[in-house]
Amino acid sequence: MKQYPFISLKKVNEPYEQELVAVAERVIRSGRYLHGEEVAGFERELSAYCGVGNVVSCSNGLDALRLIFKAYVSLGVMREGDEVVVPANTFIASVLAISDAGLVPVPAEPSAATHNLDLDLLERYITPRTRAVLAVHLYGSPCWSASFEEMAHRRGLKIVEDNAQAIGAYVDCGGARRMTGALGDAAAFSFYPTKNLGALGDAGAVATGDDALAARVRTLANYGSDVRYHNPFCGYNCRMDELQAAMLRVKLRHLDEITAERRSRASVYERAICNSLVRKPLALAGAVWHQYVVAVDNRQAFRDYLSAHGVGTDIHYPVPPHLQPCYAGLKHQPLPVAEKLANSVVSLPITESTPLSDFEEIAEIINSYKVDC
């Protein structure tokens, strides 16, 4: 029986193998493994790609978010106990970064269509203690609207983007394309190996047009040190190494190709999946399809059926953060949409390394799914 793996990182990186080996040799022979030209070069290139003034590389996506909120607290923009609205259906890292800075996460309902924050309902979660909204571009789908931006500016709220899954995505603003990662006041990136732009290990970055925020993030990420052996702040060790930066520079040059391939695969699903038992996601023009997530009422039966036909699947995310044991005491409004999504979502194969014809075949398998399968 033919197999359709959910993801193979070996296959994902095969097209760039010779380039990756070459830059690995370059870094090894340079004798410089931290704070070198590879990191500086990657920061410049990512800044240019996204159209944002500052990029500060760091160790991973969670640390990127943590550094943003810690920097805002350090600068006095936010204080411990202030609230940050965050989508209720997101990876727990989005919420951990908020509480780690001494801020209070306020889980908000998503849209059942986009799985992102329901921007029409957002103001119901805002209180006098709210200082920011964390807009998570979940699964590579932009979470943005002109009215959302206007509301945040009117209320004096910071917009922080969790862009871990959406590098290369965009929104159309009056005929002009604006890239995710450059929409709000600051953005966090993850380059975990499974991401559309994946390192060969952990890596992340912060992007912002705020020079003061970027400087504070850079200081906090390097032990709180502004110059060597001078530490005005209690900081962390959150640096990106030269090897990961060199790998990412290679793959950043191919990111538009990767995005185009993922969009073409998502378009096959959009066109070819025709099963009333399977709810497809709303296809936004600027999405980059880090995941292609459908919803079904009997998830385990659906996954078992696909597995029996060789199709690998995953679940993102089966338990929302507000139901995790570590947030047992978190106060929140009822979140029925988030909890229904957590119980019904299934991620299908979507990587650019999977042959395009496979997606037609996977769609045919899905179309044959019945409740009694």
Side-chain angles (χ1 to χ4, degrees), residues 1-20 113-115 137-142 165-170 192-200 250-296 298-316 344-373:
M1 181 177 61
K2 183 172 180 178
Q3 296 296 309
Y4 306 89
F6 182 71
I7 188 172
S8 167
L9 290 178
K10 182 178 184 296
K11 287 187 176 180
V12 164
N13 287 308
E14 272 180 358
Y16 324 111
E17 185 172 326
Q18 291 185 346
E19 292 177 88
L20 295 172
T114 67
H115 299 196
H137 305 305
L138 195 65
Y139 309 140
S141 184
Q165 301 182 2
I167 187 169
Y170 67 86
Y192 186 74
T194 59
K195 296 295 193 288
N196 292 23
L197 179 65
L200 274 71
V250 167
K251 295 180 73 175
L252 182 59
R253 293 195 293 269
H254 298 280
L255 181 58
D256 287 345
E257 304 162 27
I258 292 168
T259 299
E261 293 292 342
R262 284 178 172 259
R263 284 176 176 153
S264 67
R265 282 146 178 77
S267 68
V268 173
Y269 281 151
E270 179 64 19
R271 169 182 54 79
I273 294 177
C274 300
N275 187 327
S276 61
L277 301 175
V278 179
R279 299 182 291 278
K280 294 180 290 187
L282 181 65
L284 299 179
V288 294
W289 302 104
H290 172 61
Q291 303 292 348
Y292 191 95
V293 179
V294 298
V296 293
N298 192 337
R299 178 167 62 197
Q300 193 56 55
F302 182 64
R303 294 190 75 198
D304 289 345
Y305 166 80
L306 291 181
S307 179
H309 288 78
V311 180
T313 61
D314 204 346
I315 303 175
H316 300 90
S344 61
V345 293
V346 177
S347 299
L348 304 177
I350 192 63
T351 60
E352 67 279 6
S353 60
T354 303
L356 192 59
S357 59
D358 282 8
F359 292 84
E360 299 278 1
E361 296 168 10
I362 293 170
E364 288 181 12
I365 293 169
I366 291 171
N367 289 341
S368 297
Y369 170 71
K370 301 176 182 177
V371 173
D372 59 352
C373 287

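Predicted, not measured: the structure shown is a model, and the values here were computed from it.
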Verify whether one side chain among Ser264 and Ser267 offers a donor that lies under 3.5 Å from an acceptor in the other.
no
Can you list the residues that meet the ring pair (Phe, Tyr, Trp, His ring centres under 6.0 Å) rule with His316, with sequence neighbours excluded?
none
Would you name the heavy atoms of Leu9 and Pro193 that are closest together and state the gap between them?
CD2-O, 3.4 Å
Could you list the residues that satisfy salt bridge (charged side-chain N to carboxylate O under 4.0 Å, His left out) with Glu257, not counting sequence neighbours?
none
Pairs in or reaching into residues 298-308: which pass salt bridge (Lys or Arg N to Asp or Glu O under 4.0 Å), with residues at least two apart or in two chains?
none
Is there any salt bridge (Lys or Arg N to Asp or Glu O under 4.0 Å) pair reaching into residues 346-357, and which pairs are they, with sequence neighbours excluded?
Arg262-Glu352
By ring pair (Phe, Tyr, Trp, His ring centres under 6.0 Å), which residues pair with His290, not counting sequence neighbours?
none
Under the side chain to side chain contact (heavy atoms under 4.5 Å, CB included) rule, collect the residues that match up with Ala283, sequence neighbours excluded.
Glu270, Trp289
What verdict does the side-chain contact (heavy atoms from CB on, under 4.5 Å) test give for Gln165 and Lys195, after you've listed the backbone C-alpha separation in whole Å, the side-chain angles of each residue and the deciding distance to 0.1 Å?
CA-CA 6 Å; Gln165 301 182 2; Lys195 296 295 193 288; 4.0 Å; yes
Listed partners of Phe302 passing ring pair (Phe, Tyr, Trp, His ring centres under 6.0 Å), at least two apart
Tyr369
Could you tell me the separation between the CZ atom of Arg265 and the OG1 atom of Thr351, rounded to the nearest 0.5 Å?
7.5 Å
Show every salt bridge (Lys or Arg N to Asp or Glu O under 4.0 Å) that has at least one partner inside residues 284-295, sequence neighbours left out.
none
Check Glu360 against Ala272 and note the closest heavy-atom contact, atom names and distance.
OE1-CB, 4.0 Å
side-chain contact (heavy atoms from CB on, under 4.5 Å), that's the test. Do Val371 and Asn298 meet it? Break it down for me.
CA-CA 8 Å; Val371 173; Asn298 192 337; 5.6 Å; no
Check whether any side-chain heavy atom of Leu277 sits under 4.5 Å from a side-chain heavy atom of Val296, and report yes or no.
no
According to ring pair (Phe, Tyr, Trp, His ring centres under 6.0 Å), who are the partners of Tyr269, at least two apart in sequence or on a separate chain?
Tyr292, Phe359
How about Ile365 and Tyr305: do any of their side-chain heavy atoms sit closer than 4.5 Å?
yes
Are Asn275 and Lys370 close enough that a side-chain donor and a side-chain acceptor fall under 3.5 Å?
no
Evaluate the salt bridge (charged side-chain N to carboxylate O under 4.0 Å, His left out) criterion for residues Arg253 and Glu19: first the C-alpha distance (whole Å), next the side-chain angles of each, then the deciding distance (0.1 Å), finally the verdict.
CA-CA 11 Å; Arg253 293 195 293 269; Glu19 292 177 88; 3.5 Å; yes
Asn367 and Cys274: which non-hydrogen atoms are nearest, and at how many Å?
OD1-N, 2.6 Å
Whether over 12 other heavy atoms sit under 6.0 Å from Gln18 CD:
no
Report the C-alpha distance between Ile167 and Val288 in whole Å, list the side-chain angles of each, state the deciding distance to 0.1 Å, and finish with yes or no for side-chain contact (heavy atoms from CB on, under 4.5 Å).
CA-CA 8 Å; Ile167 187 169; Val288 294; over 6 Å; no
So OH of Tyr170 and CG of Leu284: to nearest 0.5 Å the spacing works out to 10.0 Å
Using modelled atom types only, decide if a donor and an acceptor are shared between the side chain of Arg279 and the backbone of Ser344 within a distance under 3.5 Å.
no
Here the gap from Asp314 atom CG to Ile350 atom CD1, rounded to the nearest 0.5 Å, amounts to 14.0 Å
Nearest atoms (heavy-atom pairs only) where Val294 meets Lys280
CG1-CA, 4.4 Å
Residues in salt bridge (charged side-chain N to carboxylate O under 4.0 Å, His left out) contact with Asp358, at least two apart in sequence or another chain:
Lys2
How long is the gap from CD on Glu261 to OG1 on Thr354, to the nearest 0.5 Å?
11.0 Å
Are Leu348 and Ile366 packed together at the side-chain level, in the sense that at least one heavy-atom pair is separated by less than 4.5 angstrom?
yes
Please, which pairs that meet salt bridge (Lys or Arg N to Asp or Glu O under 4.0 Å) have at least one residue in residues 284-294, sequence neighbours excluded?
none
Tell me every residue that passes salt bridge (charged side-chain N to carboxylate O under 4.0 Å, His left out) with Glu14, counting only those two or more places apart in sequence or in another chain.
Lys10
Does the side-chain contact (heavy atoms from CB on, under 4.5 Å) test come out yes or no for His115 and Val345, once each step is laid out?
CA-CA 10 Å; His115 299 196; Val345 293; 3.8 Å; yes
Closest approach of Ser347 to Gln291 (non-hydrogen atoms, all atoms of both residues):
CB-OE1, 4.0 Å
Which pair of non-hydrogen atoms, one from Ser353 and one from Ser8, has the smallest distance, and what is that distance?
OG-O, 4.3 Å
Is Tyr16 reaching over with its side chain to a backbone N or O of His254, donor-acceptor style, under 3.5 angstrom?
no
Over 12 foreign heavy atoms within 6.0 Å of CZ, Phe6:
yes
